[in-house]
Amino acid sequence: MSRGRDTLVASFTGVTGTGKSYLAKQNAIAISRAAVRHKLTDKEVFRKGGKVLVLSQTGSGDSWSECLNLKPNQEGFANFKRGWRLVKMAVYDDSKEIDVFQNIFKYFKNGVIILDDC
């Protein structure tokens, strides 16, 4: 019998410097580790762990420096099987932001999405 889907929605709010990105990252690390069936080191989780897509307005400093950049189109998502990827939203104007979210809806499955400073 299938276990079905697990859905989790979390929101971290606060003023600058209170650790919102850090807390989101720690939670995503735990989920990413649980998505694979073998133990991963902290560095391995960003390349070999479960899929995590981070959308950030500017990249949020060093918060997401371990993530590889992702071009949010069909090809980019087709090649995204595991690990962590970052989309810097400031690169896209208003009409292109809509395309980014439409592509996420169409092509991103079975992973964690983090909206950081969006």
Side-chain angles (χ1 to χ4, degrees):
M1 186 164 124
S2 173
R3 191 181 93 181
R5 295 182 189 209
D6 293 329
T7 303
L8 170 69
V9 176
S11 175
F12 305 105
T13 58
V15 298
T16 302
T18 56
K20 300 175 298 296
S21 296
Y22 176 81
L23 187 57
K25 185 176 182 177
Q26 295 308 308
N27 279 278
I29 286 173
I31 293 167
S32 185
R33 276 198 177 117
V36 295
R37 302 202 184 278
H38 55 278
K39 291 187 178 190
L40 298 174
T41 66
D42 284 349
K43 288 186 179 189
E44 288 176 327
V45 77
F46 298 105
R47 300 289 180 258
K48 300 177 183 177
K51 287 173 34 176
V52 177
L53 176 63
V54 179
L55 303 178
S56 179
Q57 188 61 25
T58 60
S60 294
D62 291 333
S63 297
W64 309 110
S65 60
E66 299 93 350
C67 299
L68 297 175
N69 288 317
L70 175 77
K71 187 166 184 168
N73 58 21
Q74 184 177 2
E75 183 181 346
F77 284 112
N79 295 322
F80 181 17
K81 303 295 184 205
R82 62 177 28 185
W84 293 44
R85 301 294 184 274
L86 173 67
V87 175
K88 294 180 183 175
M89 296 301 293
V91 173
Y92 304 97
D93 61 23
D94 291 340
S95 63
K96 292 296 183 186
E97 282 184 8
I98 293 169
D99 293 341
V100 170
F101 282 99
Q102 286 176 333
N103 285 337
I104 291 169
F105 183 75
K106 282 187 208 174
Y107 306 117
F108 186 79
K109 306 286 187 243
N110 301 318
V112 174
I113 299 173
I114 297 174
L115 304 173
D116 188 39
D117 291 337
C118 283

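Throughout, residue positions are numbered sequentially from 1 according to the sequence presented.
Between the NZ atom in K88 and the CG atom in N69 there is a gap of 5.5 Å [rounded to 0.5 Å]. Considering CZ of R82 and OG of S32, their distance stands at 8.5 Å, rounded to 0.5 Å.
When hydrophobic residues (I, L, V, M, F, W, Y) are linked wherever their side-chain heavy atoms come within less than 4.5 Å, V15 remains an isolated member.
The number of heavy-atom neighbours closer than 6.0 Å to CD of Q26, taken from other residues, nucleotides and ligands shown, is above 12. Under a cut-off of 6.0 angstrom, the local environment of CG in N79 is crowded, with over 12 non-hydrogen atoms contributed by other residues, nucleotides or ligands. Taking a 6.0 Å sphere around NZ of K48, one finds it holds 12 or fewer heavy atoms contributed by other residues, nucleotides or ligands. Heavy-atom contacts from other residues, nucleotides or ligands closer than 6.0 Å to OH of Y22 number 12 or fewer. Taking a 6.0 Å sphere around NZ of K39, one finds it holds 12 or fewer heavy atoms contributed by other residues, nucleotides or ligands.
When all heavy atoms are compared, the tightest approach of A24 to I114 is O-CD1, 4.1 Å. Nearest heavy-atom pair across L70 and G76 is CD1-O, 3.4 Å. Here the closest heavy-atom approach between residue P72 and residue N103 is recorded as O-ND2, 2.8 Å.
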Stepwise side chain to side chain contact (heavy atoms under 4.5 Å, CB included) test for W64 and D116: CA-CA 10 Å; W64 309 110; D116 188 39; 2.8 Å; yes

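A salt bridge between E66 and K25 is present, with a side-chain N of the basic residue lying under 4.0 Å from a carboxylate O of the acidic one.
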